[in-house]
Amino acid sequence: MEQPDTTGQDTVERTDVAIVGAGPAGLWAMFEAGVIGLDCVTIDALDRAGGQCTELYPDKPIYDIPAVPRCSAQELVDRLLEQCAPFGFPIYLGERAETLARSGERWRLTTSAGRTIDAAAVLIAAGNGAFVPQRVALPEAERFEGNGLHYAVREAERFKGRRVLIAGGGDSALDWALALRGVAAHVTLLHRRVAYRAAPATANAVMAAHAAGQIDLVTGTLEALHESHGALRGARVKTLDGVRELEFDDLIALFGLVPDLGPLANWDVDARAGRIPVDACRYETALPGVFAIGDIALYDNKQKLILSAFHESSLALRKAFAYARPDTQRTHVHSSYDSALKQKLETGTYRVY
């Protein structure tokens, strides 16, 4: 990576490719950039790499990664980070991509941390955008956030020996109800309907756990939250049979995440219902040098698979090479025979800022 341009008032970081999103698609793009000899930086609004995988289902198994019969979402992310590590490309976490503007033949991207990146190409791998949890729609809920009310589970051990109420009826809610039954002192699953939105096998597992006395099931909706000594300690729930009071130490509300493109929606790219149209050959948008891969990319016969995102990033970066090195003819070399690549992959660590 070239040295920062400090001729202006703000420091400008110059690179070949700016990757927006550090989920599996963005992480694989980092590796592919290194393989073909490009520098890159990656930005993600979340405070850790992994995107949807680590935010929604870190412990859920994934079966459709070639040559990996089974791994958890977190394991996949960890392996991708390990694969990227030798190139030493920086990952700026907790920074949201704010603006994108043309600068001559290049692009300038700014972040919420005041960073400016000058890049020959931009690769948008933002998934469904920044994820915003659907919050509990009660006026008192906000003051309990971080004090008994949670919208994600980062570590199961955080709830060891505690009484937990999980609200929601999708895969994430049911998965965590099953995962926490052997950790928490008591687990109750609350959903507004008898039927769940989760995969049938998961719903059946929850029903079996309920029959075994491992999980309580309540059908109803939250009406009010109760506190004791400044902490969340219970709730009033409206059920089909009337009103019921529930006592607990922690409420985990898993109503799903609302995709929010945020500032990306104000860029000049053609966003359609939160997705960006690209050509299905190079995955380039209507803006020269700006690409979209992964779930955010839109084209005929698009498949929302991690495998597809890997393919898209590989082809997009071959085109990005032409923008970053317009005077260089890239020669394809299989990794098995690339001695320079082998030397790079033997050392190095990735940097997180």
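Relative ring orientation between F291 and Y323 is described as perpendicular, the plane-to-plane angle rising above 60° on a 0-90° scale split at 30° and 60°.
Using a 4.0 Å cut-off between charged side-chain N and carboxylate O, E247 and R233 make no salt bridge. Ion pairing of R244 with E223 is absent here, as no side-chain N (NZ or NE/NH1/NH2) approaches a carboxylate O to less than 4.0 Å. Salt-bridge check for D171 with K60: passed, with a basic side-chain N closer than 4.0 Å to an acidic carboxylate O. Note on R275 versus D270: no salt bridge recorded, every NZ/NE/NH1/NH2 to OD/OE distance being 4.0 Å or above. The pair R143-E227 counts as a salt bridge, with a side-chain nitrogen and a carboxylate oxygen less than 4.0 angstrom apart. Ion pairing of R96 with D44 is absent here, as no side-chain N (NZ or NE/NH1/NH2) approaches a carboxylate O to less than 4.0 Å.
The local environment of CD in E245 is crowded, with over 12 non-hydrogen atoms from other residues, nucleotides or ligands closer than 6.0 Å.
Side-chain contact between T116 and E13 is absent, with no heavy atoms from C-beta onward closer than 4.5 Å. In this structure the side chain of I65 reaches within 4.5 angstrom of the side chain of L76, judged on heavy atoms.
T99 and T110 share a side-chain donor-acceptor pair at under 3.5 Å. Between the side chains of D216 and H210, no donor-acceptor pair is found at a separation under 3.5 Å. A donor and an acceptor atom, one from each side chain of E32 and S313, are nowhere located under 3.5 Å apart.
When all heavy atoms of C84 and M30 are compared, the closest pair comes out as SG-CB, 3.8 Å.
Figure legend: R162 and F248 shown without cation-pi pairing, the cationic atom not lying both under 6.0 angstrom from the six-membered ring centre and within 45 degrees of its axis.
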request  = Decide salt bridge (Lys or Arg N to Asp or Glu O under 4.0 Å) for R102 and D268; before the verdict, give the C-alpha distance in whole Å, the side-chain angles of both, and the deciding distance to 0.1 Å.
outcome  = CA-CA 10 Å; R102 196 69 168 160; D268 287 336; over 6 Å; no

